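Counting starts at 1 for both ligands and their atoms, following the listed order. Basis for what follows: all heavy atoms, side chains included, without hydrogens, waters or symmetry-related copies. Treat the numbers as computed from the prediction; the structure is a model and nothing was measured. The first residue in the sequence is number 1, and the count goes up from there.
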Amino acid sequence: MLLEVQHIRKQFQNLTHALADVSFSVGQGEFVSVIGPSGAGKTTLFRILNGAIRCDGGAVLMNGVHFETAAGRARRTIQKTIGTIYQDFALVENATCRQNVLNACLPDMTFLPAVLGLFGKERTAEADALLTRVGLADKVEEPVKNLSGGQKQRVAIARALMRHPAILLADEPVASLDPVTGRQILELLRDIQRDQGLTILMNSHNLELSREFSGRLIGLRQGLVVFDDGADTPSEDILATVYGGQEQLS
Ligand code: ADP
């Protein structure tokens, strides 16, 4: 298994059990969506997976290697294999698309070339190829601030791919986009998943889009996994199990 999440727990200082006991695994090349009502623990789970916070108990393994308990260099090595894209894109607005994609290389570079922005021909060619792959060949030298939301998310995808991630965490990737643009971004992610065997774990509040684009859904509710099944499961069944029949999704 590429990613194994084993009985992870997370309690915040205010005693909220954001994650009570969460276990699941994701295989190479899968497109899995994490769904669930507001407060279910989705964001906390993603923050643990991208290394922003640590869990209180349990284990996270990437390719069989413990990620949660790893420290220092070992943790950074595993972390490099995890790419993330965010709802708000998290790009440098004044920098060009190429520069934003190249920034993904900074953690691997030595001090001086990094400070001077000396990325080299090879990296630059790869950044341009990735921007072409996401449909932005004509925007390579455009400052990100001049782009639409959908185009910005495309730059963020290219930046994540620049690190050759084993898994891409997509944290509400289309929540800031209009429905048509959001669908185009998910189509792009699915194409890359199919063409390159990229593994994607998405957190989305849009059940219908999650059903359409992922192969499998993991439903969280009150910090527990209450659903783990194919995305072709009828919506009514998912709504009843994961949202308790609530109309209001979040
Ligand atoms: P979701 O992303 O599914 O909406 P979250 O992971 O954001 O859920 O939150 C799960 C629970 O943990 C909620 O009850 C939330 O209030 C709580 N929580 C999340 N982050 C913190 C924090 N930093 N401090 C205290 N409680 C938190």
### Message
Does any N or O of ligand 1 fall below 3.5 Å from an N or O anywhere on Arg47, backbone included?
### Response
no
### Message
When you measure from the heavy atoms of Gly36 to every atom of ligand 1, does any distance fall below 4.0 Å?
### Response
no
### Task
Flag the pair Asp21 and Lys10 as a salt bridge only when some basic side-chain nitrogen lies within less than 4.0 angstrom of an acidic carboxylate oxygen.
no
### Message
Are the side chains of Pro165 and Leu198 in contact, using a 4.5 Å heavy-atom criterion?
### Response
yes
### Query
Within a reach of under 6.0 Å around CD of Gln222, are more than 12 heavy atoms found that belong to other residues, nucleotides or ligands?
no
### Message
Does any N or O of ligand 1 fall below 3.5 Å from an N or O anywhere on Phe12, backbone included?
### Response
no
### Message
With heavy-atom distances below 4.0 Å as the criterion, list the atoms of ligand 1 near Ala40.
### Response
1 (P), 3 (O), 8 (O)
#### Entry: SB check Arg216 Asp228 (cutoff 4.0 Å)
yes
### Where ligand 1 meets Thr43 - atom numbers and elements under 4.0 angstrom, heavy-atom basis
1 (P), 2 (O), 6 (O), 7 (O)
### Query
Can Lys42 be said to sit on top of Phe46's aromatic six-ring, NZ or CZ under 6.0 Å from centre and within 45° of the ring axis?
no
### Query
Would you say Pro37 touches ligand 1, if touching means a heavy atom closer than 4.0 Å?
yes
#### Entry: Criterion salt bridge (Lys or Arg N to Asp or Glu O under 4.0 Å) on Glu208 and Arg211, from CA distance to verdict
CA-CA 5 Å; Glu208 287 317 315; Arg211 285 183 71 235; 3.1 Å; yes
### For atom 6 (O) of ligand 1, the option (of Ile35, Leu19, Thr44) bearing the nearest heavy atom
Thr44
### Query
Against heavy atoms of Ala18, which atoms of ligand 1 measure under 4.0 Å?
10 (C), 11 (C), 12 (O)
